[in-house]
Amino acid sequence: MPVLIIAEAGVNHNGSLETAKQMALAAKDAGADMVKYQTAVPELVVSRFAEKAAYQKAATGDGESQLEMVRRLHFDFNAHRELKAYCDEIGITYLSSAFDLPSVEFLASLGMPYAKIPSGEITNLPYLELTAKAGAPVLLSTGMSTLPEIEDALEALENAGAGPITLLHCNTQYPTPYEDANLTAMLELAEVFALPVGYSDHTPGFVCDVAAVALGATVIEKHFTLDKTLPGPDHKASLDVAELAAMVAAVRHTEAALGTGKKGVSRSEAENKPIARKSIVAARDIKAGEAFTAENLTAKRPGTGLSPMRWYEVLGQKAKRDFGEDEPIEL
């Protein structure tokens, strides 16, 4: 199966439904398989006492609370219905992460192909159980998590009837320093839990996404924006549209380059085999009956004659006819 590429619009629409639709079209044009948003009833997600994260303060200032920011950036359910209809119309799959129980139920009613669980909900047992009851395949982000926490979440999901689960390795910092990406942790997740793995990426650029595919990621999720200079918490840690298209191309090239895992001569290089390899040829003129020696033989292109791997088999034998310089030797 091709790597599933999710273009994470998140809240980079800044609360504008028109911008969210533009992002869906941009994700489609960039070659992404899905465009993903966030669905929340703000008052059910954030208390009035919750502070912004440091990266959110840096991007949006201290003039509003986290709750006020979330209210400003999120759509109601009707807007999400309209957004999904638009995605269906233009031919890209709509996806969204729920952040509260009513949003879980609402998104399940839309018939999304996956339930995407964000990292912050991995220890939210009622949320996990309600998500699982829909029976849809699950993408479980594991940012900020330990192996025991992941194990507990998987047990809750499986006991409640979740569909097939893919674990997304993730670091929940925006942007994630490269030295904290820890991509090889995907290998541990795959080994410990015997589940497909993917990567939800917050590092700058997309080199880590390409590396993750080389390590076996089956899903890549990456934030993007129409304009990195827009106000908002996630724009600066996102790809722009041109970068998103470049990432999609790089991922597709990488999965094509991974090949079969079996070493052999490829179709594209087969025609160069006789050109690049060598044959045993006469280093000088050789008379019939003369013994072949290291002095009168050499190896030169093309590789259409006797292989130099037969060198010692040829040495000592006698020429059955005259050979001119550079002529391939025949036995």
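Being a predicted model, the structure only gives us computed values, none of them experimental.
Side-chain atoms of T218 and V3, non-hydrogen and from C-beta on, never get closer than 4.5 Å to each other. You'll find the side chain of L230 reaches within 4.5 Å of the side chain of N14, heavy atoms only. The shortest side-chain heavy-atom distance between F206 and D201 does not fall under the 4.5 Å cut-off. Side-chain contact between E8 and F224 is absent, with no heavy atoms from C-beta onward closer than 4.5 Å. Here the side chains of L130 and E105 are in contact, with some heavy-atom distance below 4.5 Å. Residues I92 and C87 are in side-chain contact: their nearest non-hydrogen atoms beyond the backbone lie under 4.5 Å apart. Side-chain atoms of L95 and V35, non-hydrogen and from C-beta on, never get closer than 4.5 Å to each other. For the pair H80 and S96, the minimum side-chain heavy-atom distance is below 4.5 Å.
Taking a 6.0 Å sphere around CD of E68, one finds it holds more than 12 heavy atoms contributed by other residues, nucleotides or ligands. Atom CD of E191 has 12 or fewer neighbouring heavy atoms from other residues, nucleotides or ligands inside a 6.0 Å radius. No more than 12 heavy atoms of other residues, nucleotides or ligands lie within 6.0 Å of CZ in R48, so this atom counts as exposed by the packing criterion.
Under a 4.0 Å N-O distance rule, the pair K320/E330 does not qualify as a salt bridge. Salt bridge status for E243 with K228: present, with a side-chain N to carboxylate O gap under 4.0 Å. Under 4.0 Å is where a charged nitrogen must lie from a carboxylate oxygen, and between E64 and R71 no such pair does. Using a cut-off of 4.0 Å between Lys/Arg side-chain N and Asp/Glu carboxylate O, E290 and R284 are scored as salt-bridged.
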Practice problem: Output, in order, the C-alpha distance, side-chain angles, deciding distance and verdict of salt bridge (charged side-chain N to carboxylate O under 4.0 Å, His left out) for K21 and E89. | Solution: CA-CA 11 Å; K21 290 179 179 180; E89 179 185 333; over 6 Å; no

Quiz item: Do L168 and K116 pass the side-chain contact (heavy atoms from CB on, under 4.5 Å) test, and can you show the C-alpha distance, the side-chain angles, and the key distance before you say yes or no?
Solution: CA-CA 10 Å; L168 301 187; K116 170 64 203 306; 3.9 Å; yes

Quiz item: Under the side-chain contact (heavy atoms from CB on, under 4.5 Å) criterion, do V41 and S103 qualify, and how do the steps go?
Solution: CA-CA 7 Å; V41 179; S103 294; 4.1 Å; yes

Exercise. May I have the step-by-step check of side-chain contact (heavy atoms from CB on, under 4.5 Å) for E327 and V281, ending in yes or no?
Key: CA-CA 5 Å; E327 191 175 352; V281 301; over 6 Å; no

Quiz item: side-chain contact (heavy atoms from CB on, under 4.5 Å) between I5 and M247: does it pass, once the steps are laid out?
Solution: CA-CA 10 Å; I5 300 178; M247 186 202 79; 3.7 Å; yes

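One hydrophobic cluster, built from ILVMFWY side chains closer than 4.5 Å, cannot hold both L306 and M309; they sit in different ones. Hydrophobic clustering (side-chain heavy atoms under 4.5 Å, transitive across Ile, Leu, Val, Met, Phe, Trp, Tyr) keeps V46 apart from I117. The hydrophobic cluster containing V207 does not contain V213, counting ILVMFWY residues as joined when their side-chain heavy atoms lie under 4.5 angstrom apart, directly or transitively. Note on I90: it clusters hydrophobically with F75, by side-chain heavy-atom contacts below 4.5 Å among ILVMFWY residues. The hydrophobic cluster containing I150 also contains L187, counting ILVMFWY residues as joined when their side-chain heavy atoms lie under 4.5 angstrom apart, directly or transitively.
Interatomic distance, L167 CG to S200 OG, rounded to the nearest 0.5 Å: 12.5 Å. The line from CG of D240 to OG1 of T225 is 8.5 Å long, rounded to the nearest 0.5 Å. Here OH of Y127 is found 9.0 Å from CG of L101. Values are rounded to the nearest 0.5 Å. Here the OH atom belonging to Y94 is positioned 5.0 Å from the CG atom belonging to L107, to the nearest 0.5 angstrom. Taken to the nearest 0.5 Å, the CZ atom of R301 stands 6.5 Å off from the NZ atom of K278. Atom CG of L189 and atom CG of L147 lie 6.5 Å apart (nearest 0.5 Å).
With hydrogens and angles ignored, the 3.5 Å screen pairs a side-chain donor or acceptor of T176 with a backbone N or O of N171. Here the side chain of S279 pairs a donor or acceptor atom with the backbone of G305 at under 3.5 angstrom. With hydrogens and angles disregarded, no donor-acceptor distance shorter than 3.5 Å links the side chain of Q22 to the backbone of T19. Judged by distance alone, with hydrogens and angles left aside, the side-chain atoms of N272 form no donor-acceptor pair with the main-chain N or O of I275 at under 3.5 Å. With hydrogens and angles disregarded, no donor-acceptor distance shorter than 3.5 Å links the side chain of D100 to the backbone of L44. Of the possible donor and acceptor atoms, one in the side chain of Y37 sits under 3.5 Å from a partner among the backbone N and O of A20. In this structure, the side chain of Q317 engages the main chain of E313 through a donor-acceptor pair within 3.5 Å. Panel note: side chain T293, backbone N296; a donor-acceptor pair is recorded below 3.5 Å. Using modelled atom types, one side-chain atom of S119 and one backbone atom of G143 make a donor-acceptor pair closer than 3.5 Å. Of the possible polar contacts, one joining the Q66 side chain to the E51 backbone as a donor-acceptor pair under 3.5 Å is found.
Across E121 and A98, no two heavy atoms sit closer than the pair CG-O, 4.3 Å. The minimum heavy-atom distance linking K84 with L110 is given by the pair CE-O, 3.2 Å. G205 and L239 get closest at one heavy-atom pair: O-CD2, 3.6 Å. Heavy atoms only, all atoms of each residue included: L244 and A7 are closest at CD2-CB, 4.0 Å. Closest heavy-atom contact between V219 and T166: CG2-CG2, 4.2 Å. Heavy atoms only, all atoms of each residue included: H13 and L73 are closest at CE1-O, 3.0 Å.
Applying the side-chain contact (heavy atoms from CB on, under 4.5 Å) test between L215 and each of V210, V197, L183 identifies L183 as the sole match.
Among pairs with a residue in residues 142-177, those fulfilling ring pair (Phe, Tyr, Trp, His ring centres under 6.0 Å) read Y55-Y174, H169-Y199, Y174-H202, Y174-H223, at least two apart in sequence or across chains. For the side-chain hydrogen bond (donor to acceptor under 3.5 Å, both in side chains) condition, no pair includes a residue of residues 178-190, sequence neighbours left out. Sorted by first then second residue, the salt bridge (charged side-chain N to carboxylate O under 4.0 Å, His left out) pairs that include residues 251-268, not counting sequence neighbours, are D33-R252, R252-E255.
Between F77 and F106, the ring planes are parallel. Angles under 30° get that label, and only those over 60° would be called perpendicular.
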